[in-house]
Amino acid sequence: MTESPRVDVILSVDDPGRFAETIGAARAVGLTVTSEQPLIGTAAGTIAEDRLPLLRAVEGVAAVERARAVRLPPPEPPDR
Amino acid sequence: MTNESFDRRAGEGQFGLYDQSVRKRENAYTGKYLVLLDCQEEERGMAALRSQAGIASAEPVRGAEAESAVRVFGAPDVNALFPELGVAVVDVAPDQREALVTAAQQEPAVIAAEPERLVYISTITDRTPEVTGYYPTYRSDEDVLERHTTAAMAVSLGPAWDETEHTWGLQAVRANHSPLTGQGVGVAVLDTGVDTAHPDLTAHIAGTASFVPGQSAQDGNGHGTHCIGTAAGPAQPQHGPRYGVAPEAQILAGKVLSNQGSGSDGQILAGIAWALSQGAKVISMSLGAPVGAGQLFSPVFESLAKRVITAGTLIVAAAGNDGGPVNHPANCPSILAVAALGKALDVAPFSCRGQGLVGAEINIAAPGVDVRSAWPMPQVYNTISGTSMATPHIAGIVALLAQGAPEATASELSKRLLSGAYRLAQPPASVGAGLGQTP
């Protein structure tokens, strides 16, 4: 059986006051945390794709999304 | 007339509240001309028309002589002269029109001449009169045409900008007239970092941080430095016009996009948390990811944006440059999406549009075409376009609003920003509340 590929995710928690506990539970289902922001109740990390439903089901996790690549170049190239 | 008969006729459409029995025509004329004469020289003016254009004599009609007026109007080949008004109504055959116009232009006693119009009652369904066609008339009508043409051209060209002292963007948001400077207000720009050695910016950089692995906060792209310059460039830059909206704001430069101009959601989350911890009053994000039609906003970003607002900070983000739906994360309800305007104050063709989904609307607009601002050394300055350039204009305005109302919550700042916008003719789906204005 092949291993499920890992995907980049971001998540938010219901209650930033219980941030550490919630992220601990998320780690327990396979989340590798790459950054966490207790102040705003978010974290980023990677997880095996087939474990996403488990992560979404963790108590205290409000939302889980696949991380996007973000950019916004100007519509015209700079005149360098 | 009984009510019954009136109602019946109205029901048949012959009479209606707005005189539906009359079929109105635009630019309809009677074939006669109205001639405005010098009251002191009426006879001389009429004599000129008779001799030069072959116009028949006019019979005087006094104001109290209603019957006389009806008789004159009804008689063929008799013109009417109203001595008290200095006006004559004259019959002019088609081949006499040019001669009449020429005579009117040459004779000082004839002030103006114009075709007599068919007139109708004014109803609420009337359109605003427009000059839509040419009719051989006196030169005053040409003036009207010229004025309309000039006005139409002026509207299409927009305001004239002299960028000697201030960029057109600063003038459009009226930053050059604001007594506020953003002094002491933290403005976080999450982008490609900043050129910390830039002579215009170094004095006001309060903090930098990089969330891009392997890269310092030093701007190796230019985009970040440009956005920071627009939000908080100095009142007196080394060269050229002033380009910063809030020249004494405290700059917080968070690098969340690489020198190649890309980043990830996780890097942005980290940048937002950092900006909040540094006391930023506004977070400016000239970045985004395109979304598909009908795609909903990110619950994670919406959740954090609400928390940021609760903490007292406003997030503004670029609407996007693909002309499609408002990009992520600007499409979150709690993040203000900024559209880009051109110099004519029309929405830039590349600027994304609202799609009618919750949150995915444009909230406000700002200058985003041909925007001059700072650029990493040695270039020092650059002029580029994008909703990226519009966003820091709004961030700078928020900084000024925050300085002017230090106790205002983020929600109150947002309301002040939107209610103070200059309304534009374009639809809200393209420009939101309108062009952002400094307090």
Side-chain angles (χ1 to χ4, degrees), chain A residues 5-20 22-23 25-27 29-49 52-53 55-80, chain B residues 191 211 221-223 226 256-258 260-270 272-274 276-277 285-289 291 298-305 307-308 311 317-318 320-322 327-329 340 348-351 368-371 375 379 382-389 391:
Chain A
R6 293 188 76 80
V7 292
D8 292 327
V9 295
I10 56 173
L11 62 86
S12 61
V13 303
D14 286 328
D15 179 4
R18 293 167 48 85
F19 187 80
T22 306
I23 294 301
R27 286 183 203 271
V29 299
L31 177 71
T32 300
V33 177
T34 54
S35 72
E36 51 187 42
Q37 300 83 37
L39 195 63
I40 54 175
T42 62
T46 64
I47 191 170
E49 191 170 24
L52 276 173
L55 180 59
R56 291 197 171 97
V58 168
E59 187 179 346
V61 169
V64 177
E65 299 166 17
R66 294 191 184 223
R68 305 160 192 79
V70 179
R71 63 179 295 123
L72 200 66
E76 305 153 21
D79 53 347
R80 282 191 278 192
Chain B
D191 211 284
F211 302 95
N221 179 285
H223 192 266
H226 196 277
V256 299
L257 302 177
S258 68
Q260 290 69 45
S262 63
S264 70
D265 273 342
Q267 290 164 350
I268 299 170
L269 297 182
I272 291 173
W274 171 77
L276 200 59
S277 72
M285 302 197 302
S286 290
L287 47 79
V291 302
S298 156
V300 171
F301 272 78
E302 174 58 13
S303 166
L304 74 89
R307 287 172 186 153
V308 169
N321 296 341
D322 52 77
N327 283 191
H328 159 82
F350 56 77
S351 189
V369 175
D370 295 337
V371 175
W375 199 256
Q379 184 168 330
N382 200 359
T383 299
I384 53 176
S385 304
T387 52
S388 285
M389 284 65 247
T391 305

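This one's a predicted model, so the numbers in the text were calculated from it and none came from an experiment. Letters go in sequence order (proteins before strands), and every chain restarts at 1. Keep in mind that the numbers below use all heavy atoms, side chains included, and drop hydrogens, waters and symmetry copies.
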Honestly, the part of B:Ser303 sitting under 4.5 Å from a heavy atom of chain A is side chain
Cut-off 4.5 Å, heavy atoms of chain B, and the answer for A:Ala62 is neither
Applying a strict 4.5 Å limit to non-hydrogen atoms, the region of A:Leu11 in contact with chain B is backbone
**Prompt:** For residues B:Thr383 and B:Asp370, is any side-chain donor paired with an opposing acceptor at under 3.5 Å?
**Reply:** no
Run the numbers on A:Thr32 and A:Arg6 for side chain to side chain donor-acceptor pair (under 3.5 Å), then give the verdict. CA-CA 10 Å; A:Thr32 300; A:Arg6 293 188 76 80; 2.9 Å; yes
Cut-off 4.5 Å, heavy atoms of chain A, and the answer for B:Leu257 is side chain
Honestly, the part of B:Ser277 sitting under 4.5 Å from a heavy atom of chain A is both
Note: vs chain B, highest number of non-hydrogen pairs under 4.5 angstrom among A:Pro38, A:Ala44, A:Pro16 is A:Pro16
If one checks every heavy atom of B:His328 against chain A at 4.5 Å, the contacting part turns out to be side chain
request  = Assess whether atom CZ of A:Arg18 is packed by more than 12 heavy atoms of other residues, nucleotides or ligands within 6.0 Å.
outcome  = no
Ranked by heavy-atom pairs below 4.5 Å to chain A, first place among B:Ala273, B:Gly288, B:Ser264, B:Ala289 goes to B:Gly288
The interface call for B:Asp191 against chain A, heavy-atom contacts under 4.5 Å, is neither
Under 4.5 Å to a heavy atom of chain A? For B:Gln260 that would be backbone
Result for side chain to side chain contact (heavy atoms under 4.5 Å, CB included) between A:Val64 and one of A:Ile10, A:Val58, A:Leu55 points to A:Leu55
In terms of heavy-atom pairs under 4.5 Å with chain A, the winner among B:Gly368, B:Gly386, B:Ser262, B:Ala340 is B:Ser262
- Are A:Arg71 and B:His223 close enough, and set up right, to give a side-chain contact (heavy atoms from CB on, under 4.5 Å), and what steps lead you there? CA-CA 11 Å; A:Arg71 63 179 295 123; B:His223 192 266; over 6 Å; no
Okay, A:Ser35 and chain B: the region with an atom under 4.5 Å from a heavy atom over there is side chain
Can you find a heavy atom in the side chain of A:Gln37 that is under 4.5 Å from one in the side chain of B:Ile272?
-> no
Heaviest contributor of heavy-atom pairs below 4.5 Å to chain A, chosen from B:Val308, B:Leu304, B:Asp265, is B:Asp265
Discussion item. When you compare the side chain of B:Glu302 with that of B:Ser298, does any pair of heavy atoms fall below 4.5 Å?
Written reply: no
| query | Does the side chain of A:Val70 come within less than 4.5 Å of B:Gln267's, by heavy atoms? | reply | no
Does B:Val300 offer a backbone N or O that forms a donor-acceptor pair with the side chain of A:Ser12 under 3.5 Å? no
